Amino acid sequence: MSAPCQQPTTPAAAPVLSPAATVPSPATTARRPAVDWRIRFAVLSLIWGFSFLLIKVGTQGFAPFQVTLGRLLAGTAVLAVAMVMRRERLPRSARTWGHITVAAFFLNALPFSLFSYAELTIPSTLAGICNATSPLWGMALSVVALSEDRPTRRRVAGLGVGFLGVLTVLGAWQGFSGLDLPGTGMALLASFSYAVGWIYVRRTLAGTGSSTLTLTGSQLFVGTLQLAVVTPVFTSAPDAFPLLPTLSVLALGALGTGLAVLLQYGLVQEVGPTTGQMVTYFIPVIATAAGVALLGEQLAWNTPVGAVIVLAGAALTQSRPSTTATRPGPRLRSGTRTRSRTADTRRERFSRT
């Protein structure tokens, strides 16, 4: 669900978890996967779209912190196996581990827990739509935090359109009547946390020399440790392990937090971050369909209409000016062009999810 996609893709996301993979090297592109990327794209969309349903079912048998801990444990196990098979090495720098600890909090421990608590009182459909606001928060924050990410009129318009969609989803003209404000606020705060985490990662973990898989696996491991400390303090050990909630938590972790990252990792390497990040726009659609069809959640007209407006605004905030019509700018001082290219490389490597 956080996806590392958009700014990242996120994998808004989302269940987007960490920055997207690097641009493929010739050695990578030479090995064409056996499954077409379109099929893997569809599977990734389904996995992340159903994550909100799995959270809802998981909270029916376990406390929210327990759902998050189980999710992180299962996801870490999947990525640990992938790292061993690919002979990835863990980061050695204490500074890198410090940044990973902060990223794990904002991209995993905090948003995963907030979504779990939010879905105690709000439908999974609303949680999925709140997750789609991550690019809006990211664009608003990047104006302040990322000097190389200046807003354009189109992106500012997208920000306004997106938040208009949020107000439509929440039914602002009705005074938010019938809406659980604490639960909705936690879901929106989770989406905001993704944006904070993505920007932090872009500023601190670009150019560390570690692969995206290594950083993501390390991040999930640290997030698991964080929840392992917090969960016993605020919850007691479960008396039983009901079948359906247990399977939901395991699927949420192994598929939505582990396998999904590997799928997106391969997609970005094969088709690039621009196409890979498009998965974000399918997540709320699938989350809404799953909640209505399988959980019997009610859907007022303003929810799907607002969701469409949110996605339109999010798409505008991710737009970039065409490079083909770029005018030659003023002469740069020595080293400025190199720094600009480095910033572009970092944005592409750590775009979401």
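Sequence positions, counted from 1, serve as the residue numbers for this chain. The model shown is predicted, which means the values in this text are computed figures rather than measured ones.
For the atom pair CG of L267 and CH2 of W37, the computed distance is 7.5 Å after rounding to the nearest 0.5 Å. Atoms CE and CG, from M83 and L262 in turn, are 11.0 Å apart once rounded to the nearest 0.5 Å. S116 OG to L69 CG: the interatomic distance, rounded to the nearest 0.5 Å, is 11.0 Å. With rounding to the nearest 0.5 Å, the separation of CG in N131 from OG1 in T133 is 7.0 Å. Between L159 atom CG and L164 atom CG the span is 11.5 Å, to the nearest 0.5 Å.
Environment of CZ in F282: sparse, with no more than 12 heavy atoms of neighbouring residues, nucleotides or ligands closer than 6.0 Å.
Counting only heavy atoms from C-beta outward, the side chains of T246 and F62 approach each other to under 4.5 Å. Between S113 and P64, the closest side-chain pair of non-hydrogen atoms is not below 4.5 Å. Contact annotation: the side chain of T257 never approaches that of V261 to less than 4.5 Å [non-hydrogen atoms, C-beta and beyond]. Inter-residue side-chain proximity for V156 and M139 is flagged as met; some heavy-atom pair is nearer than 4.5 Å. Counting heavy atoms from C-beta on, the side chains of P304 and T288 never come closer than 4.5 Å. A 4.5 Å side-chain heavy-atom check between W198 and W137 finds every atom pair outside the cut-off. R40 places a side-chain heavy atom less than 4.5 Å from the side chain of E270. Looking at heavy atoms from C-beta onward, I286 lies in side-chain contact with S45 at the 4.5 angstrom threshold.
Proximity of a side-chain donor or acceptor of S248 to a complementary backbone N or O of V57 within less than 3.5 Å is not detected. The backbone N or O of L215 lies less than 3.5 Å from no partner atom in the side chain of S218, so there is not a single donor-acceptor pair. Panel note: side chain Q66, backbone A63; a donor-acceptor pair is recorded below 3.5 Å. At least one donor-acceptor pair under 3.5 Å links the side chain of N302 to the backbone N or O of V169.
Counting only N and O atoms by type, the side chains of T214 and E88 include a donor and acceptor under 3.5 Å apart. Looking only at atom types and distance, the side chain of S191 has a donor-acceptor partner in the side chain of S134 under 3.5 Å away.
The aromatic rings of Y194 and F112 sit perpendicular, their planes meeting at an angle over 60°, well past the 30° parallel limit. A perpendicular orientation is assigned to the rings of F115 and F52, their planes being inclined by more than 60° (bins at 30° and 60°).
Partners of T101 under the side-chain hydrogen bond (donor to acceptor under 3.5 Å, both in side chains) rule, at least two apart in sequence or in another chain, do not exist in this structure. Every residue two or more places apart in sequence or in another chain that forms a side-chain hydrogen bond (donor to acceptor under 3.5 Å, both in side chains) with T76 is listed here: T224.
Taking the six-membered ring for Trp, W97 and F221 have ring centres at least 6.0 Å apart.
When all heavy atoms of L136 and G158 are compared, the pair lying nearest together is CD2-O, 3.9 Å. What you find for P232 and L227 is that their closest heavy atoms are CD-O, 4.2 Å. In this structure, V249 and G58 approach most closely via the heavy-atom pair CG2-CA, 4.1 Å.
Linking ILVMFWY residues whenever their side-chain heavy atoms come closer than 4.5 Å, directly or via other members, leaves V84 and L259 in distinct clusters. One hydrophobic cluster holds both L120 and L252 under the rule that ILVMFWY side chains link at heavy-atom gaps under 4.5 Å.
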* To do: Would you sort out whether L213 and L79 count as a side-chain contact (heavy atoms from CB on, under 4.5 Å), showing the intermediate values?
  => CA-CA 8 Å; L213 178 59; L79 292 191; 4.1 Å; yes
* **Evaluation steps, side-chain contact (heavy atoms from CB on, under 4.5 Å), between F192 and L141** => CA-CA 9 Å; F192 179 79; L141 289 173; 3.7 Å; yes
* Give the intermediate values and the outcome of side-chain contact (heavy atoms from CB on, under 4.5 Å) for residues L294 and F50. => CA-CA 10 Å; L294 299 179; F50 270 85; 3.6 Å; yes
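When the options E297, K56, E119 are evaluated for a side chain to side chain donor-acceptor pair (under 3.5 Å) with S124, the one that passes is E297. If you run side-chain contact (heavy atoms from CB on, under 4.5 Å) between L255 and each of I47, L263, L44, only I47 comes through.
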